[in-house]
Each structure stands twice: as structure tokens, then as C-alpha cells.
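What follows is one structure encoded as C-alpha cells, with my remarks underneath.
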Amino acid sequence: MKPLKLFNLLLNAFGEQGWWPVTEPNAVKPSYKKRAGLTKRQKFEVCIGAILAQNTSWKNVEKAIENLSRNGLLSVKAINSCSQKKLALLIRSSGYFNQKSVRLKRFAAHIVSCYNGSIEKMLSKPVEKLREELLSLHGIGPETADSILLYAAFKPVFVVDAYTKRIAERVFAKKFHSYAELQAFFESGIPKSVACYNEFHALLVELGKNYCSKNPKCSECPINKNCYYYKQ
DNA sequence: TACCAGGTCCTCG
DNA sequence: CGAGGACATGGT
């Protein structure tokens, strides 16, 4: 099996996922939904969410975002002027709150100092430059950077996470040694489009959460017929 | 109770 | 390089 086939199987099994979940202007919590585009606030929310979601369940991130939302903190300026202590308190549920509160503030401070506070200006940079810039920020690694590139800046960059690695190693019976290797494997097998990368990553998360977990539920898995691990 | 979750950084061989 | 530990909450 190839990545494109996996994509089609998953899409068929789960349908479109409506990623990345963001908060509507009149709402307080993020929702999955197909959208035409994102507001400036929603783009910033994606970035915040990507940092908060590091090695943490999305449920816990949702609560943190809800707190930020209620306190008017879903903006570059607000995060930049909020104290790190207060921020840590609000994002407590997302875990690693001390580190993450610092990361959020560094991210916001960077946008203030380099782009006069305009996240749109930053996100409109060419993809390679922007990726390097994001990676240079402390606390933003490859997955967080790529999530921002794909889901906030709409650049065609395939996002790799722990699910992607686990699923790929099981389904394709291959060993991947680096983030870049995994990313190249998927990017070379599917159309280079934002829509496709968006959906594929979301579908992999869905599969990873519900079936291809550490202790997999292979017998109920919708793609087990095509999985090397299940057949073994 | 222990393990896991949409990682990243640091340190040590 | 790569392995191993620290960071931390909430759900099962």
C-alpha cells in the first residue's frame, strides 16, 4: 500500500475532519468545521493551540483555549502584555504550563517586535523562510512549526506527529528514523496541496486516537485489511 | 494505580 | 548522531 491509498481509505472511513478546530467569533470553545478562511484571531489561535497541544490531549488544550478566550487573550497584544504567571494559571489544564506560558509569550513578543504585532504579516512570508524563523523560536520544534505553516499560514507542508510515525511504521512495515524522513515519505506520495495535507494529517490523528493507539484495536480498525501490522 | 496524550529541549555517551 | 530525562495535567 502507498500513502495515497491510505489517505483514500481513511477519508472513506471517517469523512472530512474540519481541521484545525478554532473558536467562532461568537463562541468560547473551538469547533471542527469546514471554513472558507480564518480570521486574524483564528490564525493566532491555531498557533497558540499548536504550542499548547505539545504532547498533550486536545481535550486539555480546549479547556486552556476556553480560558484564554473568556479572558480576551486570543490576540498577540493581549498575550504579550499578560503576565507569564497569569497565563500559566489559565493554561494549566494543558500541562507543562510553566514552559508553555513562556513559549506563548516568546511567540507573541516575536510578532510584536518583528512584525509590529501583525501575525498576518509574519504568516505571509515565503514558506522556507517562515519555517526557519519559527524553528528558531525557543519551544517551537518541527511539528509545531509545520502545524502553524499548514493550518494557520495555509502552506503545503505535511505535518508529522507521534501518530503519523506509529501508523506509518505499522501500516507500511518500515522504520523511520527522523521527522524529515517521514515527512518526505508522505509528501512524495500524495498531491502537494494544502487541502490534502490538511485532511490527511487530521485523518491520521483520528485513526491514531481511536484505533492505532499504543495498544491498537486492530480487529475493529477500518483499514486492518490493508495493514501489514495486522496481517503479520 | 499506572499509563497515555496532536513535543521540545537539554545533557550525556 | 541517539538515548534518556524533565516538563505536568486530566482521563481511563
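Residue numbers start from 1 in every chain, and the chains themselves are labelled A, B, ... in the order their sequence lines are given, proteins ahead of strands. Excluded from the calculations below are hydrogen atoms, water molecules and symmetry mates; all remaining heavy atoms, backbone and side chain alike, are included.
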Requested in this report: Sugar-phosphate means primed atoms, P, OP1 and OP2; the rest is base. With that split, encode nucleotides 6-12 of chain C 5' to 3' as B, S or - using protein heavy atoms under 4.0 Å.
Outcome: -BBBSS-
Query raised in the report: Out of curiosity, does A:L4 fall in the hydrophobic cluster containing A:F176 (side-chain heavy atoms, cut-off under 4.5 Å, transitive links)?
Result: yes
Query raised in the report: Rounding to a whole Å, what distance do you find between A:L134:CG and B:dT8:P?
Result: 11 Å
Requested in this report: Let me know the distance between CD1 of A:I51 and P of B:dT8, rounded to the nearest Å.
Outcome: 10 Å
Report task. Check every strand shown and say whether A:A162 touches a base, only sugar-phosphate, or nothing at a heavy-atom separation below 4.0 Å. Result -> sugar-phosphate
Query raised in the report: Should A:Y32 and A:Y197 be counted in the same cluster of Ile, Leu, Val, Met, Phe, Trp and Tyr side chains packed under 4.5 Å apart?
Result: yes
Return a table of donor-acceptor pairs under 3.5 angstrom between the side chains of residues 198-205 of chain A and protein atoms on other chains or two or more places apart.
unit_1 : atom_1 : unit_2 : atom_2 : d
A:N198 : ND2    : A:W19  : O      : 3.3
A:E199 : OE2    : A:Q17  : N      : 2.7
A:H201 : ND1    : A:V159 : O      : 3.1

Query raised in the report: Touch check for A:L137, heavy atoms < 4.0 angstrom, all strands: base, sugar-phosphate only, or nothing?
Result: sugar-phosphate
Requested in this report: Looking at every strand, decide which applies to A:Y32 at a 4.0 Å heavy-atom threshold: base, sugar-phosphate, or nothing.
Outcome: base
Report task. Tell me which of A:A53 and A:L135 sits closer to the 5' end of DNA chain B, going by the nucleotide each one is nearest to. Result -> A:A53
Query raised in the report: Is A:V194 reachable from A:L10 through a run of I, L, V, M, F, W or Y residues, each pair having side-chain heavy atoms under 4.5 Å apart?
Result: yes
Query - Value in whole Å for how far the P atom of B:dG7 lies from CG of A:L104 - result: 16 Å
Query raised in the report: Can you check the A:I148 CD1 to B:dT8 C1' distance for me, whole Å?
Result: 13 Å
Query raised in the report: Which part of the nucleic acid, if any, lies within reach of A:I140 when heavy atoms closer than 4.0 Å are counted: base, sugar-phosphate only, or nothing?
Result: sugar-phosphate
Query - Euclidean distance for P, B:dC10 against C:dA8 (whole angstrom) - result: 14 Å
Report task. State, without any angle test, whether A:T144 and A:Q54 hold a side-chain donor-acceptor pair at a distance under 3.5 Å. Result -> yes
Query raised in the report: Checking all strands, does A:H138 fall into the base, sugar-phosphate, or nothing category for heavy-atom contacts under 4.0 angstrom?
Result: sugar-phosphate
Query - Hydrophobic cluster membership, A:I48 vs A:L135, 4.5 Å side-chain cutoff - result: no
Report summary line: Looking only at heavy atoms, the pair that brings A:S83 and A:K105 closest together is C-CD, 4.3 Å
Query - For DNA chain B, the residues among residues 208-217 of chain A that have a non-hydrogen atom under 4.0 Å from it - result: A:K209, A:K214
Report task. Answer yes if A:L89 and A:L68 sit in the same cluster of Ile, Leu, Val, Met, Phe, Trp and Tyr residues linked by side chain heavy atoms under 4.5 Å apart, and no otherwise. Result -> no
Query raised in the report: Between A:Y151 and A:W20, how do the two ring planes meet: parallel, tilted or perpendicular, split at 30° and 60°?
Result: tilted
